[in-house]
Amino acid sequence: MSRYLITSALPYINGIKHLGNLVGSQLPSDVTARYLRARGHEVMYICATDEHGTPAEIAAAKAGKPVAEYCAEMWAVQKDLAEGFGLSFDHFGRSSSERNRRLTQHFAKQLAEAGLIREVEEKMIYSPTDGRFLPDRYVEGTCPNCGYDSARGDQCENCTKQLDPTDLIEPRSAISGATDLEVRETKHLFLRQSAMAKQLEAWIDTKADWPILTTSIAKKWLRDGDGLQDRGITRDLDWGIPVQKGDAPWPGMEGKVFYVWFDAPIEYIGATAEWADAHELDDAAWQRWWRTDLGAEDVTYLQFMGKDNVPFHTLSFPATILGSGEPWKLVDYIKSFNYLNYQGGQFSTSKGRGVFQDQALAILPADYWRWWLMSNVPETSDSEFTWEMFQAGVNKDLADVLGNFVSRVTKFCRSKFGEAVPEGGAYGPAEEALIAELTTRVAAYQAHMDAYELRKSAAELRAIWVAGNEYLQAAAPWAAFKQDPDAAAATVRFALNLITLYAVLSEPFIPDFSARVRAAFGIDSQPWPEDIGAALAILEPGHAFTTPDVLFAKITDEQREGWEQQFAGA
RNA sequence: GGGCCUGUAGCUCAAUUGGUUAGAGCAGAGCGCUCAUAACGCUUUGGUUGGGGGUUCGAGUCCCUCCGGGCCUACCA
């Protein structure tokens, strides 16, 4: 038994997320967490909302609510959706928590004492109308290069030229449209990542087993141009963690907060501490996951995220951890994902294009989404959601191959032997051959899961389901029953056991299915099938069950067409 | 502009890191079965691995070049 700390990238607080956010961090981390728990490992699985920053303030203003109130509400909404998708977080925290505030201020103090913080006097755009400094991206105007009239202050979307907000012709606030912008001096703290670049690169070079996507992004940042740049870790905002040196004030930084990307990863630690608080445990309970001097030396730490998050998890956060000079746990494996597109374009929150999490759960159960998204997860390149592929995949895999297998076995048994595992007959070469095949396939499934290869794992799991149908077809108990009811009984007994084997093996991907099978067979919990033959002998003759209803109803053409229309966007 | 990823069957993806005849699923075709959600099983069609050149005994894999798709580029997060 080992110990695994698993974190899923923190979803941002400003609204309900679409399927893209699920596919690249929350679902794969959940599948992995469930698998590792099932294998008997000790798992701490953490997620939280990322609540600070300008977009949160703007979203709250748009909703007409104080930002703290808005975030509290959206946290509850996101927590409910996570539960709806079956995400098995040990704790779903908030980056605005007291725990995170203290930890973030603590790290800042440690970094300052290590000489890794420098103060920089900057000129920033200030909007009196909005009453705030504007991030580059929130300044719009005409591009000096191509004349595009909605260029942003960081880059022109039209000609891709990188800009400074002061380059823009007739600049205006993207928030209010105000044109009375002025340049003001302001002081900020920078994390001296450049001083740590060599150390970070040496560390990343030891990670030969990481996805190419992860290491190539990290190395690009390390080597691009003048190398790794220092990064501003404070902002002129109201909503955030006040800049302090631990418990002490930070002279000259009054009224400023830490940059959201500084405090968000620290919330992985904060949320683990929140978990301990919620369970009325002491600090040692969470420190044994995070402090290598306090019990975390044998922890394997896995992070899951979309590719946009990679620079912060490979460089900024490790710089924070390493730079602190304290024995905090560094990540061991970073699993990163490409993007999921929607019907030939991108998901778009602003255009209402694509499926959002609340809508997804309103039209279909979580297992449908979990299965399709994970069996098509964008591991090697961007992948695409289309309703046609979704319908075809779910109907074939879940309804026809798996659901119908459960259906045909339980209904045949009910009609010929009643709703209990039949006795009589004996297993023979067909059963032995299937046990041998499944032993090989389960080993392959485990190997893929152990390597965090979700797509291959899903394909192998599906092959395991298919093997049941092949067996049943060859054994043909409906034919055998006429001459030799005992032989049919043995086949059915074996097939009923297969159903419960499928329940435990499939649980990481489709937990609702597993729960329904267990309920139908009156099973409380299932051990991982270390020995397939033994696992297929658990249900003994006489074990009663209730024939489940159709487990996965098919998606009809009418439904698919309706949803295509409904989610096409404006 | 720079960097990275990617291009394999109609579609979605594999291919033990240079090693026999490039494999699966879906879709298509044929046959079988009738327990089951018109489900299942078996068989089968389908490839100049984007184009061209090179290295090598041997290239989907390495190099050059051209073409297509995507992502990142540090103040959105």
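To find a chain, count down the sequence lines: A is the first, B the second, and so on, and within it residues start at 1. Keep in mind that what you see is a predicted model, and the values were worked out from it rather than measured.
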Could you please name the option among [options] that lies closest to any side-chain atom of [X]?
| X | options | result |
| --- | --- | --- |
| A:Arg231 | B:A74, B:C76, B:C35 | B:A74 |
| A:Lys396 | B:C4, B:C40, B:C33 | B:C40 |
| A:Arg462 | B:G25, B:A14, B:U37 | B:G25 |
| A:Gln229 | B:C76, B:C35, B:A74 | B:A74 |

Quick one: on RNA chain B, does A:Lys554 or A:Ile212 contact a more 5' nucleotide (nearest heavy atom)?
A:Ile212
Pick the nucleotide of RNA chain B nearest each of A:Ala476 and A:Asp308; which residue has the one closer to the 5' end?
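Here A:Ala476 is the residue nearer the 5' end.
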May I ask you to check whether A:Phe385 and A:Tyr342 place their ring centers less than 6.0 Å from one another?
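Between A:Tyr342 and A:Phe385, which both carry aromatic rings, the centre distance is below 6.0 Å.
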Does the ring center of A:His313 lie less than 6.0 Å from the ring center of A:Tyr268?
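Under 6.0 Å, so yes.
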Whole-Å distance separating the [atom1] atom of [X] from the [atom2] atom of [N]:
| X | N | atom1 | atom2 | answer |
| --- | --- | --- | --- | --- |
| A:Asp136 | B:C75 | CG | P | 8 Å |
| A:Lys307 | B:U6 | NZ | P | 11 Å |
| A:Ile217 | B:C71 | CD1 | P | 13 Å |
| A:Asn469 | B:A39 | CG | P | 13 Å |

Say you pick atom [atom1] in [N] and the same atom in [M]; how far apart are they, in whole Å?
| N | M | atom1 | value |
| --- | --- | --- | --- |
| B:A9 | B:C76 | P | 39 Å |
| B:C40 | B:G52 | P | 41 Å |
| B:G18 | B:G60 | C1' | 11 Å |
| B:G25 | B:U20 | C1' | 25 Å |

Where does B:U17 land, syn or anti, given syn is within 90° of 0?
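The base of B:U17 is oriented syn (glycosidic angle within 90° of 0).
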State whether A:Phe509 and A:Arg370 meet the cation-pi test: NZ (Lys) or CZ (Arg) under 6.0 Å from the six-membered ring centroid, and within 45° of the perpendicular axis.
no
Regarding A:Lys307 and the six-membered ring of A:Tyr339, is the cationic atom NZ or CZ under 6.0 Å from the ring centre and inside 45° of its axis?
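Flagged: A:Lys307 positioned over aromatic ring of A:Tyr339.
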Do the side chains of [X] and [Y] get close enough for a salt bridge, i.e. N-O under 4.0 angstrom?
| X | Y | result |
| --- | --- | --- |
| A:Lys219 | A:Asp205 | yes |
| A:Lys456 | A:Glu379 | no |
| A:Glu185 | A:Lys123 | yes |
| A:Arg560 | A:Glu388 | no |

With centres under 5.5 Å and planes under 30° as the test, does A:Phe412 stack with B:C35?
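No; by the centre-distance and plane-angle rule, A:Phe412 does not count as stacking on B:C35.
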Taking ring-ring contact (aromatic ring centres under 6.0 Å, His included) as the criterion, tell me which of A:Tyr502, A:Tyr471, A:Phe513 meets it with A:Phe405.
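Option passing the ring-ring contact (aromatic ring centres under 6.0 Å, His included) with A:Phe405: A:Tyr502.
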Just the atom pairs and distances: protein N or O near nucleotides 9-11 of chain B's N or O, under 3.5 Å.
none

Below 3.5 Å, does any donor atom in the side chain of A:Glu379 face an acceptor in the base of B:C13, or the other way round?
no
For the side chain of A:Asp400 and the base of B:A39, is some donor closer than 3.5 Å to an acceptor across the two?
no
Going by heavy atoms closer than 4.0 Å, what residues in residues 257-265 of chain A are next to RNA chain B?
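RNA chain B contact set from residues 257-265 of chain A: A:Tyr259, A:Val260, A:Trp261.
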For B:G2, take OP1 and OP2 only and decide whether either is under 4.0 Å from a side-chain N or O of A:Lys220.
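So the side chain of A:Lys220 is outside the cut-off, no N or O lying under 4.0 Å from OP1 or OP2 of B:G2.
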